[in-house]
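Read through the structure below, which is laid out as structure tokens, and then see the notes.
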Amino acid sequence: MNKFDIDSLNDEQKKALYETEGVVLVTAGAGSGKTRLLTHRICHLIMDKGVSPHNILAITFTNKATNEMKERVMEMCSCNIWISTFHSMCVRILRQDIEVLGGYDRNFTIIDENDKNKILKEICKNLNIEEEDVEKVETHLDNIKNKGLDIEEYFSILVEYGNQQNLLKYKHAIYDYEKRLYESNSLDFDDLLNKTLFLFNNYPQVLEKYAKRFQYVLVDEFQDTNLVQYKLVKLLTSYWGNLFVVGDEDQCIYSWRGANFKNIFNLKEDFPNVKIFKLERNYRSSKNILNLANNVISNNIERLEKKLWTEKDAGLPPVVYTAFDERDEALFLAKEIEELVLSGYSYDDIAILMRINALSRPIEEGLLSYNIPYRLYGGQKFFERAEIKVLIAYISIFINKKDEISLLKIINFPSRKIGEVAVNNLKEEAKEQPLLEYLLSDRFEFSKYYNKLRNFVETYKFLYENMDKMSLQEFAQNVVQKFGIDLAYKGKDEDSINRLSNIDSFLTSIKEFEDGEESATFADYLASIMLRSDQDDIEKGGQVSLSTIHAVKGLEFKVVFVVALEEGLFPLSRALNSASEMEEERRLMYVAITRAEEKIYLTRAIKRYMYGKSNYEIESRFLKELNIVDIKKPPIPKPQTKKDDFFLEEKEEVFDSGFKVGDKVLHNRFGEGTILNISDDGLVGKIKFDVGVKELMLNIASLEKVEENG
């Protein structure tokens, strides 16, 4: 049970907590107890200062952080305050006030990135914009929205420097995209922030309602704010002027999506009387791990000086492993994890972190060879699966009748013989009327497509009329059955079974949402799933976490493996000629290291097969900056090179394990087996055990020869 106890804070945390008025910036290093400080500050305001919970707003960056903070505040002072992510906050504001903009209503649909890209591609095709230029249009759109810019002003500046004809096409595409969303009463993720900012800037009565209400505003992970979010915070605090932000520029790893750690420095300029506090005491990691983190991040220039320290013991030394290739690296990970579990760690305690998802395949194969359960984060998410997107689209058209984007996804699913030509003809028939409203109108009965869509229309009308009589789950179940969605996936093959199982899981998630929310609506449910982050999918369950570094920011594990520490992979090659991008790569390395509590492994390979070819790799500069040397290497010979002919193919010597094909061997976990094959380099043996065929590294596997062949 978390108790409200200010004495449990350290001296620096207390100093920041007691500064309740004005603007306060806390630069909080990784694992320094910032969530503890934020929750104690909220309870201090309520219990000691007499502030109403209604007048406090706390903004976070992930749903996980939101839920954790809500739970702690409720446990500590039995209060329920407005705590949410930026995007969830804006959804809540827009649900109340978007109608003042005209043309929108509060039941707007939120489209995801896939839909956004699909619409842009379709628009670009209609405007004869080359396929390879679609990405440029996407980049311009992101620039406009991340910075809250006016489309016309943005392009009027660009045409002076670029191809005027192409830029005019790009501008036209973006206007068409905005028009398509407007007509569908839909918003993309960036619109949630931008429309709220537009409301605040252009409708003083809306801004006044929220700025007067929130006497105290707290923002977590301030280094991850983009320009629009920064402007929203300034406006929300424009009446009372009480702003408390916690951030760490060393953990800013989202510049590619608009995050600007310089907002920490902007805060000092925009608010001259800002009070600054540093949290440098770390409660998570051992001294050895913090030394690595401090060593690597000290190479960055654009940062506020701070150094993490802890009262914990030195802990275990880091392990640096230089593998021969990616297969050797993967099997080393598997072998070490097996030994860690045998020594008392659980699979949940362990994470394997990689810079990019493309590195996962050999690692997955290595884990499978040792029967190690794992979960990959960054793959296809549940709510992005085709059958789930179909259900989301069906439900969306009941909430928002203007949602043509969703309607077109399902108008021919299950098949109703309505192809692209038919859809275009239906749009012509509808004229200015939203397509779904036309299909539901008396006019549509005279269309040649009426018989094909008659069942769809009648089913829609029946369900819409009875929607309020059913729970959310009952309604969704009726959608599945009455539109024949379950029949479309009927089959005995594994794919059909999985899809039907996913539909059941979807219906269960609706029930869970309904049980956990008072006055739950489908609009709220759809918003909640659209605003999920990678971290929301990370859960305990007896599995090793295999993840990109971005996906685990804010999480912690007892043991962390950071893999593929090679120039071009980590740091990525695109950063090699950019000082700012190199600093971001180094911040990623810092984040990866500070996820570890007790033990850290750092691995690299001498050669790696990537993008269709095998290359010899150069050690990552970060390994050198950590100021440690390899202390665990495989007993294999170094590749031989000719002194005067360095670029000739290197000759590899074969490792002699003492085993050969046909040998009977004994493994301490898999039991007795037979060697079926040994790789050309002598390192990997394919061995048949009773539990199945496993690939093991012969130089590190716990194998004992039982009987030689022949």
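Along the sequence shown, residues are numbered consecutively beginning with 1. Treat the numbers as computed from the prediction; the structure is a model and nothing was measured.
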Suppose we screen for side-chain contact (heavy atoms from CB on, under 4.5 Å). Which residues come up paired with R361, at least two apart in sequence or across chains?
E365
Any donor and acceptor pair, going by atom type alone, linking the side chain of N282 with main-chain N or O of W309 inside 3.5 Å?
no
With E329 as reference, evaluate R604, R608, K335, K607 under the salt bridge (charged side-chain N to carboxylate O under 4.0 Å, His left out) test and give the passing residue.
R608
Side chains of F189 and L531: closer than 4.5 Å at any heavy-atom pair?
yes
Classify the ring geometry of F689 against F670: parallel below 30°, tilted from 30° to 60°, perpendicular beyond 60°.
tilted
Inter-residue atom distance L696.CG - L703.CG, 0.5 Å rounding:
6.0 Å
With a 4.5 Å limit on heavy-atom distance, are the side chains of I687 and F659 in contact?
no
D313 atom CG, neighbour heavy-atom count above 12 within 6.0 Å:
no
For the CG atom on D690, are there more than 12 heavy atoms of other groups (residues, nucleotides or ligands in this structure) within a distance under 6.0 Å?
no
Determine the minimum heavy-atom distance between L359 and A564, stating which atoms define it.
CD1-CB, 3.7 Å
Whether K262 and E302 form a salt bridge (side-chain N of Lys/Arg under 4.0 Å from carboxylate O of Asp/Glu) is what I want to check.
yes
Report, as yes or no, whether the 6.0 Å neighbourhood of atom CD1 on I618 holds more than 12 heavy atoms from other residues, nucleotides or ligands.
no
Give every residue pair that meets the side-chain hydrogen bond (donor to acceptor under 3.5 Å, both in side chains) criterion with at least one member in residues 291-300, sequence neighbours excluded.
N300-R586
Verify the neighbour count for atom NZ of K511: are there more than 12 heavy atoms of other residues, nucleotides or ligands below 6.0 Å?
no
Heavy-atom distance under 4.5 Å between the side chains of P362 and R327, does that happen here?
no
Could you state the interatomic distance from CG (L331) to NZ (K694), rounded to the nearest 0.5 Å?
11.5 Å
Over 12 foreign heavy atoms within 6.0 Å of NZ, K312
yes
Heavy atoms, side chains only, cut-off 4.5 Å: are N80 and P53 in contact?
no
Do the ring planes of F622 and F570 sit parallel (below 30°), tilted (30 to 60°) or perpendicular (above 60°)?
perpendicular
Heavy atoms, side chains only, cut-off 4.5 Å: are I337 and I352 in contact?
yes
Applying salt bridge (charged side-chain N to carboxylate O under 4.0 Å, His left out), name anything that partners K307, two or more places apart in sequence or on another chain.
none
Pairing of K15 and D11 as salt bridge, 4.0 angstrom limit
no
Assess the residue pair T85 and T66 against the criterion (side chain to side chain donor-acceptor pair (under 3.5 Å)); give the C-alpha distance rounded to whole Å, side-chain angles, the decisive distance to 0.1 Å, and a yes or no.
CA-CA 7 Å; T85 64; T66 295; 5.5 Å; no
Atom OG in S547, atom CG in L376: separation rounded to 0.5 Å?
8.0 Å
Check against side chain to side chain donor-acceptor pair (under 3.5 Å), Y609 and E326:
CA-CA 7 Å; Y609 188 87; E326 71 279 356; over 6 Å; no
Does atom CD1 (I301) have a neighbourhood of more than 12 heavy atoms from anything else shown, all under 6.0 Å?
no
Could you please spell out the steps behind the side chain to side chain contact (heavy atoms under 4.5 Å, CB included) verdict for V319 and K599?
CA-CA 8 Å; V319 175; K599 192 171 180 69; 4.1 Å; yes
Only counting residues at least two apart or in another chain, list the ones meeting side-chain contact (heavy atoms from CB on, under 4.5 Å) with S32.
A28, L279
Hey, mind stepping through D7 and K14 against salt bridge (Lys or Arg N to Asp or Glu O under 4.0 Å) and telling me if it holds?
CA-CA 8 Å; D7 288 336; K14 287 179 186 176; 3.8 Å; yes
With a 4.5 Å cut-off on side-chain heavy atoms, are E19 and F277 touching?
yes
Report yes or no: does D349 contribute a side-chain atom to a donor-acceptor pair with the main-chain N or O of V559 at less than 3.5 Å?
no
Would you indicate whether the side-chain heavy atoms of T225 and F61 approach each other to under 4.5 Å?
yes
Answer yes or no: is there a donor N or O on one side and an acceptor on the other, between the side chain of D328 and the main chain of A323, under 3.5 Å?
no
Assess whether side chain to side chain contact (heavy atoms under 4.5 Å, CB included) is satisfied between I297 and L308, documenting all intermediate values.
CA-CA 11 Å; I297 202 63; L308 297 179; over 6 Å; no
Assess the residue pair E336 and Y321 against the criterion (side chain to side chain donor-acceptor pair (under 3.5 Å)); give the C-alpha distance rounded to whole Å, side-chain angles, the decisive distance to 0.1 Å, and a yes or no.
CA-CA 11 Å; E336 287 295 316; Y321 182 76; over 6 Å; no
Measure the spacing between CZ of R375 and CD of Q543 and express it to the nearest 0.5 Å.
6.5 Å
In chain order, what residues pass the salt bridge (charged side-chain N to carboxylate O under 4.0 Å, His left out) check against K306, with sequence neighbours excluded?
D248, E249, D250
As a quick check of understanding, evaluate side chain to side chain contact (heavy atoms under 4.5 Å, CB included) for T310 and S285, giving each step before the final call.
CA-CA 8 Å; T310 183; S285 307; over 6 Å; no
I'd like to know if the side chain of R41 and the backbone of A16 have a donor-acceptor N/O pair within less than 3.5 Å.
yes
Determine, stepwise, if the pair R355 / E585 fulfils salt bridge (Lys or Arg N to Asp or Glu O under 4.0 Å).
CA-CA 9 Å; R355 177 63 183 85; E585 292 291 305; 2.8 Å; yes
Would you mind checking if E567 and R621 are paired as a salt bridge, meaning a charged N to carboxylate O distance below 4.0 Å?
yes
Can you tell me how far apart OG (S509) and CD1 (I388) are? Round to the nearest 0.5 Å.
7.5 Å
Chi angles and distances behind the side chain to side chain contact (heavy atoms under 4.5 Å, CB included) call for Y525, I510
CA-CA 7 Å; Y525 173 74; I510 294 174; 3.5 Å; yes
For G315 and N288, which heavy atoms make the closest approach, and how far apart are they?
O-ND2, 3.0 Å
Of the non-hydrogen atoms in K34 and V246, which two are nearest, and what is the gap between them?
CB-CG1, 3.6 Å
Looking only at heavy atoms, the pair that brings L267 and L25 closest together is CD2-CB, 4.0 Å
S578 side chain to A575 backbone, donor-acceptor under 3.5 Å:
no
Side-chain contact, heavy-atom cut-off 4.5 Å: V245 with L243?
yes
Donor-acceptor check, side chain of K705 to backbone of G658, threshold 3.5 angstrom: yes or no?
yes
Classify the ring geometry between Y254 and H550 as parallel (under 30°), tilted (30 to 60°) or perpendicular (over 60°).
tilted
Results of salt bridge (charged side-chain N to carboxylate O under 4.0 Å, His left out) for E311 - residues two or more places apart only
R281
Output the distance between atom CG (L623) and atom OG1 (T603), rounded to the nearest 0.5 Å.
9.0 Å
